[in-house]
Amino acid sequence: MNVTIVDYKSGNISSVINSFREVAKEKVNIEVTSNPNKIKSSDKIVLPGQGSFKSCVEALNNIDGLSDTLNEFTLINKKPLLGICVGLQMFADIGYEETETKGLGWISGKVSKIDNQDGKFKLPHIGWNEITIVKDSKIFKDIENNSHMYFVHSYEFVPNDKKVISATTDYSTKVVCSVEKENIFGTQFHPEKSDKSGLKIINNFISL
Amino acid sequence: MLKNRIIPCLDVKNGRVVKGINFVDLKDAGDPVEQAKIYSDGGADEICFLDITASNENRDTIYDVVKKTSKKCFVPLTVGGGVRSVEDINKLLNCGADKVSINTSAVENSKVVIDSSKKFGSQCIVVAIDAKKNGDKWEVFTHGGRNNSGIDALEYAEQMEKNGAGELLVTSMDRDGTQVGYDIDLMSKISSKVNIPVIASGGVGNLDHLVDGIKLGKASAVLAASIFHYGKHSVKEAKDYLDSKGIPVRI
């Protein structure tokens, strides 16, 4: 099996690569590429993302044929994809970081700034927070409710259809921190930095 | 609920830990990778390396340390010390650091923070502020505490937030190494001034100091070096203690 981590120059993805290689050992081949042909032939895709919504979308669109390939992989071939952090946020129709930017539109909704209640909550939301699992998700197999995950973000994904939400976390409001819609998975937190629980989520995704 | 973080810090010189945990079962007490792994297995919320390598020809040793550590520790890794440019930050991130802390160069050239937070995102840019009390204010020092910039630490903290820092690592130079506790006044003033998380550093001698840093100093995270060295306290003991004092921690 081939799992491809999409390297579209969205910032630092070393930790994502390291954690997937740690979990995959020799059983699964982990590729790191932005080459559309290699992505087409892989079994699963990981879409990381750091920096702003706008810079990630721009970086993705800068690579010829990449967004078409991702659309085909996810929407037509319906193969599993995991978006992490801004990787998840890009599932939305639209994001409001820096300026209004169109997203991939795979899960309808928007990405807006977390309401910090006039400074009562510091942003970015950085650190370990508990997740509340609100529906069974394949990537949460053997993950206990209220497990701690590592977060770093100031913006949140607000999907229109609440049924896609698989977990939330409390920070000012109930922030959506995991989604599952058919073959599309996403986490706002960083499983690659969330110690044993995070590695288990990665293993669950690889084992799908 | 968001938890307060405990961050053990290791001083690394020429690729070796200067002061470290002195456990009998350690194969190599000077190996930063092994020490970092002990911390992360023990429940550290993040690991911090401070590179204190003095000579330029040995500066590359930290890259190797970061590369090896990031393959074994799956909690966030912050690396600081001698970071001069956007290119230095890029190299550390590519080696597997999750955050880079910038000290002297943030004072000397504001573009380093502005450009790097734009390029890599604020989440990985930590500005380290070394502050020393002078009368009723604090001044920012650079070059490992040798040079006084004369800049007011509170105004500087606010400016760094504007420039794109994701967190501030605030060290009281008056307290560093004294083990008498954080400069609570400094921590709480800076924390109230900015809307980004503050990591308190400098002066921890016992577990109550960690409690004070969070409760009184309003820090989001507490960094400590020496209390975790030589096995005086484990990270787990520290967390259990904070928990017993009603501070939310990840256990």
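A quick note: this is a predicted structure, and the numbers were derived from the prediction, not measured. Every chain is numbered from 1, with letters handed out A, B, ... down the list of sequences. All values below come from the heavy atoms of this structure, side chains included, with hydrogens, waters and symmetry mates left out.
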Over all atoms of both residues, closest heavy-atom pair of B:Gly96 and A:Ser15: O-OG, 3.8 Å
Within a reach of under 6.0 Å around NZ of B:Lys68, are more than 12 heavy atoms found that belong to other residues, nucleotides or ligands? no
Taking the side chain from A:Lys122 and the backbone from B:Val194, do they hold a donor-acceptor pair closer than 3.5 Å? yes
Assess whether a salt bridge exists between B:Asp45 and A:Lys193, defined as any Lys/Arg side-chain N lying under 4.0 Å from an Asp/Glu carboxylate O. no
Nearest atoms (heavy-atom pairs only) where A:Trp128 meets B:Leu2: O-CD1, 3.5 Å
Among A:His148, A:His190, A:His125, single out the residue with the greatest number of heavy-atom pairs under 4.5 Å to chain B. A:His148
Does A:Lys163, at its NZ atom, have more than 12 non-hydrogen atoms belonging to other residues, nucleotides or ligands within less than 6.0 Å? no
Answer yes or no: does atom CG of A:Asp118 have more than 12 heavy-atom neighbours from other residues, nucleotides or ligands under 6.0 Å? no
Quick check: do A:Phe121 and B:Asn195 have side-chain heavy atoms less than 4.5 Å from each other? no
Would you mind telling me which of B:Ser191, B:Cys95, B:Ser40 has the largest number of heavy-atom pairs within less than 4.5 Å of chain A? B:Ser191
What distance separates B:Ser122 OG from A:Leu123 CG, expressed to the nearest 0.5 Å? 11.0 Å
Would you say the side chain of A:Ser14 lies within less than 4.5 Å of the side chain of B:Ser70, judging by non-hydrogen atoms? no
Is atom NZ of B:Lys37 surrounded by more than 12 heavy atoms (other residues, nucleotides or ligands) closer than 6.0 Å? yes
Heavy-atom closest contact (A:Pro124 atom, B:Pro197 atom, distance): O-CG, 3.9 Å
So do the side chains of A:Ser55 and B:Lys118 get within less than 4.5 Å of each other, counting heavy atoms only? no
Check: A:Ser194 and B:Phe74 side chains under 4.5 Å, non-hydrogen atoms: no
With heavy-atom distances below 4.5 Å as the criterion, would you say the side chains of B:Met1 and A:Asn146 are in contact? no
Just so I understand: if I count every heavy-atom pair under 4.5 Å between each of A:Ile126, A:Asp170, A:Thr169, A:Val152 and chain B, which residue has the most? A:Ile126
Tell me, side chain or backbone of A:Ile13 under 4.5 Å from chain B's heavy atoms, or both, or neither? neither
With a cut-off of 6.0 Å (strictly less than), are more than 12 heavy atoms of other residues, nucleotides or ligands near CD of A:Glu98? yes
Determine whether a donor-acceptor pair (N or O, by modelled atom type, separation under 3.5 Å) exists between the side chain of A:Asn12 and the backbone of B:Ala97. yes
Where does B:Arg5 contact chain A at under 4.5 Å (heavy atoms): side chain, backbone, both or neither? side chain
Name the region of B:Ile199, side chain, backbone, both or neither, that has any atom closer than 4.5 Å to a heavy atom of chain A. neither
Has A:Lys135 got more than 12 heavy atoms of other residues, nucleotides or ligands less than 6.0 Å from its NZ? yes
Apply side chain to side chain contact (heavy atoms under 4.5 Å, CB included) to residues A:Gln50 and B:Gln123 and explain how you reach the verdict. CA-CA 8 Å; A:Gln50 279 198 351; B:Gln123 83 288 339; 3.0 Å; yes
For the NZ atom on A:Lys120, are there more than 12 heavy atoms of other groups (residues, nucleotides or ligands in this structure) within a distance under 6.0 Å? no
Where on A:Glu130 is there a heavy atom nearer than 4.5 Å to chain B: the side chain, the backbone, both, or neither? both
